[in-house]
*Asks:* 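One structure follows; several queries about it will come next.
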Amino acid sequence: MLHPMSDRTSPSAREGYWQSEWEKAGVYSIDFSKATKPYYSLVMFPYPSGDRLHIGHWYQYGPCDSFARFMRMQGNDVFAPMGFDAFGLPAENHAIKHGEHPDGFTDKNVQTMIEQLKKIGCMYDWDKSVNTSKPDYYRWTQWLFLQMHKNGLAYKKLGNVNYCTSCQTVLANEQAQDGVCERCGTTVIQKPLEQWYWKITKYAEKLLGNLDQLDWPEKTKLMQTNWIGKSEGAEIVFEIEGQKESVTVFTTRPDTLFGATYLVLAPEHALVQKITAPDHAKAVEKYIAAAAKKTELERKELQKTKTGEFTGAYALHPVTGEQVPIWIADYVLTNYGTGAIMAVPAHDERDHDFAKAFNLPMKEVVKGEKSDGAFTGEGESINSDFLDGLNTPAAKKKMIEWLVKNKKGKGVTNFRLRDWLVSRQRYWGAPIPIVYDPEGNPHPVPDEHLPWTLPTDVEFKPTGESPLRYSKEFQARTEKIFGKGWRPEYDTMDTFVCSSFYYLRYLNSGQWLVGSGQSESGMGKLTTNHSSLTTSLKSEKLIDPSIERTWMPVSMYVGGPEHACMHLIYARFVMMALKDFGFVSHEEPFQKLVHQGLITNQGAKMSKSKGNVVSPDSFVEKFGSDVFRMYLMFMGPFTEGGDWSDAGIMGIVRFVDRLERCLTEKSKGTDSPETLKRLHKTIRKVSTDMNEMKFNTVISALMELLNHLEKEAGFSSETAKTVATLLSPIAPHLAEELWHALGEKSFIVLQSWPMFDEALTKDDTVTIVVQVNGKLRGEMQVPAGISKDEVIAQAKALENVQKFLTGEIKKEVYVPGKLVSLVVK
RNA sequence: GCCACGGUGGCGGAAUUGGCAGACGCGCACGACUCAAAAUCGUGUACCGCAAGGUGUGUGGGUUCAAUUCCCACCCGUGGCACCA
């Protein structure tokens, strides 16, 4: 009941009151083992930046919470956690600038963020939070690395990597799209470095194949499909004339082999040096040097004009034995297929352009129409010896059979997906649990030494090397455990590794924080001492298998679409790997995925650097979090976002005031039949729309009901309570207030969702509109079960309809309950 | 260039097995209350027309008794991909 001393005059004071009441009663804590209908509602966890929460946070968390509350009221055991993706560059950049250690800085930010998050009033179970920068979390990040290593999925390789000169670190392919750093926009350069990779390519087929079973936006699935980039074709071996070497090319069109008039190797291809004729060496070298100097971006900008150089060498056509000149050109990529192609200028646009530029011969081998350029479609094979007359699929098949039989090639599948580069030359991340013996061979750090803690005696200067290289403690620790001359791996892991499995760590009993000197209120009072960990922590598992079986996969996952080819693909890969290692029972982590829309400011993305970020604080202070949340939901469809404007917020303020007045003042009467009908129709509408996350129409349906109730003399308190219950997911504090004002003593947030009575939603009369020749001419009320003949007779009798029935009636259409359409000559 | 999605009043948006276009809200106008203003309440509000009526969901065609909804062509916007052989 009401606390007499509590100040509930302002919306924020009132909301604070209910938040503390809910917390005291522990209404949001969940016991994993007791749940009978588990529903895992997850929202992508934030980076704790230290700034105030922005509209984007509210837009994401508010509606998700409303949905979770709805699922809970429908009888599900809903688990809705919140945590922090706390490793990453901003904290380290802050350290570089201000000398403040990232750990303390991050803790402070997490603390303020929790306070702000609590003001939204979400049903987060704070006892089960995670913070990826804490040793009791990142020991699992490291454990995962060791599992990958043990199972042959982690390997070290020297290679050209994407390197950002501003962030002074390497980037994964996914983070270096368009040739610029995903984080800072600096042009990415290629740099040869020894780095750790995870073999995500091993799961390419499964990552692709499983997409069918997922309830994800089609667009996102398509983006992943393209990113994985499966293509089926053949590898074909070309002998090189006068040499022992041969070149293997990859093609998706083995059926066009007879049209191959030259070969092209990537400038970086290993064979180039060996095969180049002496009189071409100088030009070839010059071309290679020029190509190496081009950045990704330049290569893409110049893609219209083809460049290349003849090596002076010739290959032999595998079937005809004819001479085929070998060129190099940067339109052939070194890291796709075999880094070499057979050029079929008559049937490939790029080869066509190249052949035209360098005056190379073309040979048509597929019948098809194309006046200018190449015919790239499928068709009947011609000029192709044993393939003549076959259609493309049959010709491909026959050619592959021929290649296999003659040992000149085979059918292969290629993927665009690259292995995941997980090394980062940064401090603020999980240290890679690897040590090197005096000979430089890598060895995994045994499990019992996890967490392999991040040393604190470091300087924060961007040097292009990990700051861990200069930690005396780190070196001493390694030598103490492993022996003289051993050294630790200095790199840390990509933060996407941390977020690839966090949904599993939330599902721990809640006991895991106890005993590590950490707090009862979740992340609130976490220790900043990285080496203080009790041994009790070391015996537990990543996740309890029975909890994983019942609670995974995540039922509803909400986050931005920008993660389509990063987090959302890494997490899937990690889950698949963990299943193969035997730690989890499911292959896919997220059964259903929804992307919230983006809130812009005057059409532009809000960002700190542009200085156009709108803060929710003043609105929340003035009108309360419920009003702000509802306003965001009322703006339009959740998945579409929209441009920010505060112009309409008074509409929600008025709605809330009117509703409160109406329910408290008029609920001492009885329900009219019309009220009952509208109430039950509203329950139905709100239920379906909540289920589809159509929050904007949920609110308008409640507004319509209110408009009706205000016109009535009175209604029952039962009806008032039902309305409050319908409101509860989208305005939990206000609904709680109303519930208690209506005399209830329990919590509305724990109530069941109202059922509607189908019989009560039926209308006994319906409005029928009458059209003559497709134009609206009249309307009438008729009993619901009326027959076709009767309706049409009545329709014809309408005065305004008669006026237009000037000729012979050619057609009469009746759509039951909707309209009559008459056609006259 | 390719792929996907979208284009509805002054504004945000509703409506899809084809069946009253513009729900709900903002804004605006007028009215009530007030000395006055704000707040609140009431009425109206797609466009043209005094009206009857006509027009109208990016543009142009088509199918249909009936099209925002289906088909064809195009224009514009947003997102993604972009030498992947």
Side-chain angles (χ1 to χ4, degrees), chain A residues 177-178 217-223 225-227 229-231 233-234 249-254 256 260 264 266 299-300 302-306 329-333 335-344 347-351 353-354 376 414-418 561-562 564-565 595 598 600 603 631 634-637 639-655 657-658 661 694 696-707 710 767-779 800 803 809-824:
Chain A
Q177 293 187 41
D178 298 326
E218 286 306 316
K219 190 177 166 156
T220 309
K221 292 203 227 177
L222 189 66
M223 278 170 72
T225 303
N226 292 337
W227 189 256
K230 179 178 178 171
S231 61
V249 304
F250 173 71
T251 178
T252 54
R253 291 294 297 271
T256 63
V264 187
R299 254 171 106 142
K300 275 168 186 167
L302 293 169
Q303 71 180 254
K304 292 252 155 55
T305 44
K306 295 276 180 287
D330 64 4
Y331 82 90
V332 174
L333 307 174
N335 59 1
Y336 185 77
T338 59
I341 61 151
M342 62 176 208
V344 185
H347 303 290
D348 181 279
E349 294 288 352
R350 296 149 300 181
D351 298 344
D353 292 347
F354 190 82
T376 57
N414 240 297
F415 294 93
R416 297 165 73 167
L417 186 70
R418 306 285 86 177
E562 67 275 16
C565 295
H595 298 305
L598 182 70
T600 54
Y631 180 56
F634 191 55
M635 273 176 65
T639 51
E640 264 153 56
D643 201 46
W644 169 255
S645 154
D646 60 9
I649 197 165
M650 286 313 294
I652 300 292
V653 175
R654 282 180 205 135
F655 167 65
D657 289 347
R658 280 163 54 205
R661 230 176 307 138
K694 289 160 88 177
N696 53 335
T697 52
V698 165
I699 295 172
S700 65
L702 291 172
M703 284 172 167
E704 283 179 86
L705 182 62
L706 173 63
N707 289 344
E710 282 181 326
T767 307
I768 300 286
V769 297
V770 185
Q771 296 180 344
V772 180
N773 284 354
K775 290 203 165 40
L776 186 65
R777 297 301 181 191
E779 114 179 17
N800 199 50
K803 231 164 78 185
I809 297 182
K810 288 185 66 184
K811 193 163 187 171
E812 297 171 347
V813 180
Y814 173 50
V815 182
K818 294 226 165 98
L819 63 66
V820 169
S821 182
L822 304 169
V823 186
V824 289

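A quick note: this is a predicted structure, and the numbers were derived from the prediction, not measured. Throughout, a chain's letter reflects where its sequence line sits, starting with A, and its residues are numbered from 1.
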*Asks:* Classify the glycosidic conformation of B:G12 as syn or anti, calling it syn when the angle lies within 90° of 0.
*Replies:*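 Base orientation: anti.
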
*Asks:* Is the shortest side-chain N/O distance from A:S231 to OP1 or OP2 of B:A85 below 4.0 Å?
*Replies:*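 For B:A85, OP1/OP2 do have a side-chain N/O of A:S231 under 4.0 Å.
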
*Asks:* So do A:T251 and A:V344 actually touch side chain to side chain, heavy atoms under 4.5 Å?
*Replies:*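 With C-beta onward as the side chain, the pair stays apart.
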
*Asks:* Which distance, rounded to the nearest 0.5 Å, do you find between the CE of A:M635 and the CG of A:D643?
*Replies:*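 Separation between the atoms: 7.5 Å.
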
*Asks:* Taking only N/O atoms, report every protein-nucleotides 19-22 of chain B pair under 3.5 Å with atom names and distance.
*Replies:*
| residue | atom | partner | partner atom | Å |
| --- | --- | --- | --- | --- |
| B:G19 | N2 | A:Q771 | OE1 | 3.4 |

*Asks:* Choose from B:C65, B:C81, B:G79 the nucleotide whose nearest atom is closest to any side-chain atom of A:R416.
*Replies:*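 Of all the options, the side chain of A:R416 is nearest to B:C81.
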
*Asks:* Taking the nucleotide of RNA chain B with the closest heavy atom to each, which residue, A:K811 or A:G229, is nearer the 5' end?
*Replies:*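 First, find each residue's nearest nucleotide; the 5'-ward one identifies A:K811.
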
*Asks:* Do A:Y331 and A:D353 have side chains that get closer than 4.5 Å, going by heavy atoms?
*Replies:*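 In short, these two side chains do not touch, never coming nearer than 4.5 Å.
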
*Asks:* Can you tell me which stems involve RNA chain B, if a stem is defined as three or more consecutive Watson-Crick or G-U wobble pairs, both distances under 3.5 Å?
*Replies:*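 As far as RNA chain B goes, consecutive pairing (with distances under 3.5 Å) yields the stems B:1-7 with B:75-81, B:10-12 with B:24-26, B:27-32 with B:40-45, B:46-48 with B:53-55, B:58-62 with B:70-74.
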
*Asks:* Quick one: label A:P637 by what it contacts on the DNA or RNA (base, sugar-phosphate, nothing), any heavy atom closer than 4.0 Å.
*Replies:*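 Touches sugar-phosphate only.
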
*Asks:* Quote, to the nearest angstrom, the C1' distance that separates B:C72 from B:G80.
*Replies:*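 Per the computed distance, 26 Å lies between those C1' atoms.
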
*Asks:* Below 4.0 angstrom from OP1 or OP2 of B:G54, is there any side-chain N or O of A:R777?
*Replies:*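 For A:R777, the contact criterion (side-chain N or O under 4.0 Å from OP1 or OP2 of B:G54) is met.
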
*Asks:* A:E704 has an atom CD; how far is it from atom C1' of B:G13, in whole Å?
*Replies:*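 That distance rounds to 13 Å.
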
*Asks:* Whole angstroms only, please: what is the CD1-P distance between A:I699 and B:A23?
*Replies:*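 My rounded result for the distance is 18 Å.
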
*Asks:* For the atom pair CD1 (A:I652) and CG (A:D657), what is the distance rounded to the nearest 0.5 Å?
*Replies:*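 Here the rounded value is 11.5 Å.
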
*Asks:* Could you tell me whether the side chain of A:L822 reaches within less than 4.5 Å of the side chain of A:E812, counting heavy atoms only?
*Replies:*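 SC-SC contact between A:E812 and A:L822 confirmed.
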
*Asks:* Starting at atom CG of A:N707, determine the distance to atom P of B:C41, rounded to an integer number of angstrom.
*Replies:*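 A:N707 atom CG is separated from B:C41 atom P by 11 Å.
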
*Asks:* May I ask you to test the A:Q771-A:V813 pair for a side-chain heavy-atom distance under 4.5 Å?
*Replies:*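 A side-chain contact is absent here, since even the closest heavy-atom pair is not under 4.5 Å.
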
*Asks:* Give me the distance, rounded to whole Å, that separates B:G22 from B:C47 when you measure between the P atoms they each carry.
*Replies:*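 Those two atoms are separated by 14 Å.
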
*Asks:* Check whether A:D348 reaches the backbone of A:A343 with its side chain - one donor and one acceptor, N or O, closer than 3.5 Å.
*Replies:*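 Answer holds: no.
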
*Asks:* CG of A:N773 to NZ of A:K811: how many Å apart, nearest 0.5 Å?
*Replies:*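 Separation between the atoms: 12.0 Å.
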
*Asks:* If I take atom CG from residue A:L705 and atom CE from residue A:M703, how far apart are they, to the nearest 0.5 angstrom?
*Replies:*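 One gets 12.5 Å once the value is rounded to the nearest 0.5 Å.
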
*Asks:* Work out how far the C1' atom of B:U69 is from that of B:G19, and round it to whole angstrom.
*Replies:*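 Roughly 11 Å separates the two C1' atoms.
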
*Asks:* Establish, yes or no, whether the cationic atom of A:K306 lies under 6.0 Å from the six-membered ring centre of A:F354 and within 45° of the ring axis.
*Replies:*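 Verdict for A:F354: no cation-pi partner in A:K306.
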
*Asks:* Is the distance from OP1 or OP2 of B:G53 to the nearest side-chain N or O of A:N800 less than 4.0 Å?
*Replies:*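 Yes, because at least one side-chain N or O of A:N800 sits under 4.0 Å from OP1 or OP2 of B:G53.
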
*Asks:* May I ask you to evaluate whether A:N696 reaches the phosphate of B:A14, defined as a side-chain N or O under 4.0 Å from OP1 or OP2?
*Replies:*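 True: A:N696 side-chain N/O within range (under 4.0 Å) of B:A14 OP1/OP2.
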
*Asks:* Hey, is the side chain of A:R654 poking within less than 4.0 Å of OP1 or OP2 on B:G27, counting only N and O atoms?
*Replies:*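 For B:G27, OP1/OP2 do have a side-chain N/O of A:R654 under 4.0 Å.
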
*Asks:* Between A:Y336 and A:S231, what is the shortest heavy-atom contact and its length?
*Replies:*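 Result for this residue pair: OH-OG, 2.7 Å.
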
*Asks:* Should A:E710 and A:R658 count as side-chain neighbours, where that means a heavy-atom distance under 4.5 Å?
*Replies:*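 A:E710 vs A:R658: side chains touch.
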
*Asks:* Rounded to whole angstroms, how far apart are CG on A:L598 and P on B:G77?
*Replies:*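 After rounding, the gap between these two atoms is 19 Å.
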
*Asks:* Quickly work out the A:K694 NZ to B:C24 C1' distance and round it to whole Å.
*Replies:*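 After rounding, the reported distance stands at 14 Å.
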
*Asks:* Just call it for A:K803: base, sugar-phosphate, or nothing, with non-hydrogen atoms closer than 4.0 Å on any strand.
*Replies:*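 If one applies the 4.0 Å heavy-atom cut-off, A:K803 turns out to touch the sugar-phosphate alone, with no base involved.
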
*Asks:* Considering only nitrogen or oxygen atoms on both sides, find all protein atoms under 3.5 Å from nucleotides 6-12 of chain B and state each distance.
*Replies:*
| residue | atom | partner | partner atom | Å |
| --- | --- | --- | --- | --- |
| B:G12 | O2' | A:M635 | O | 2.6 |

*Asks:* Atom NZ of A:K810 to atom C1' of B:A66: distance rounded to whole Å?
*Replies:*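 Atom-to-atom, A:K810 to B:A66, this comes out as 15 Å.
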
*Asks:* For the side chain of A:V823, starting at C-beta, report the closest nucleotide among B:C26, B:C41, B:C65.
*Replies:*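 Shortest atom-to-atom distance from the side chain points to B:C65.
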
*Asks:* Do any side-chain nitrogens or oxygens of A:Y331 fall under 4.0 Å of OP1 or OP2 in B:A85?
*Replies:*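 The answer is no; no side-chain N or O of A:Y331 sits under 4.0 Å from OP1 or OP2.
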
*Asks:* P atom, B:A15 versus B:G27: distance in rounded Å?
*Replies:*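 Per the computed distance, 23 Å lies between those P atoms.
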
*Asks:* Taking only the P atom of each, what is the distance from B:U45 to B:C26 in whole angstrom?
*Replies:*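 The same atom, P, in both gives a distance of 16 Å.
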
*Asks:* What integer distance in Å separates A:K775:NZ from B:C65:P?
*Replies:*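 Taking NZ of A:K775 and P of B:C65, I get 15 Å after rounding.
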
*Asks:* Counting C-beta onward and ignoring hydrogens, is there a side-chain heavy-atom pair between A:R777 and A:V820 closer than 4.5 Å?
*Replies:*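 No, too far: nothing below the 4.5 Å cut-off.
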
*Asks:* Round to the nearest Å and state the distance from A:M703 atom CE to B:G25 atom C1'.
*Replies:*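 Interatomic distance, CE of A:M703 to C1' of B:G25: 5 Å.
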
*Asks:* Can a donor-acceptor pair be found, under 3.5 Å and without considering hydrogens, that links the side chain of A:Y631 to the backbone of A:G648?
*Replies:*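 It does hold such a pair.
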
*Asks:* Taking the C1' atom of each, how far is B:A4 from B:G56, in whole Å?
*Replies:*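 Roughly 30 Å separates the two C1' atoms.
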
*Asks:* Taking atom C1' in both B:G13 and B:A23, what distance in whole Å separates the two?
*Replies:*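 Going atom to atom, C1' in each nucleotide, I get 10 Å.
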
*Asks:* Report the residue (A:D643 or A:R253) whose heavy-atom-nearest nucleotide on RNA chain B is the more 5′ of the two.
*Replies:*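 The answer here is A:D643.
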
*Asks:* In whole angstrom, give me the gap between the P atoms of B:G58 and B:G6.
*Replies:*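 So the two P atoms sit 13 Å from each other.
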
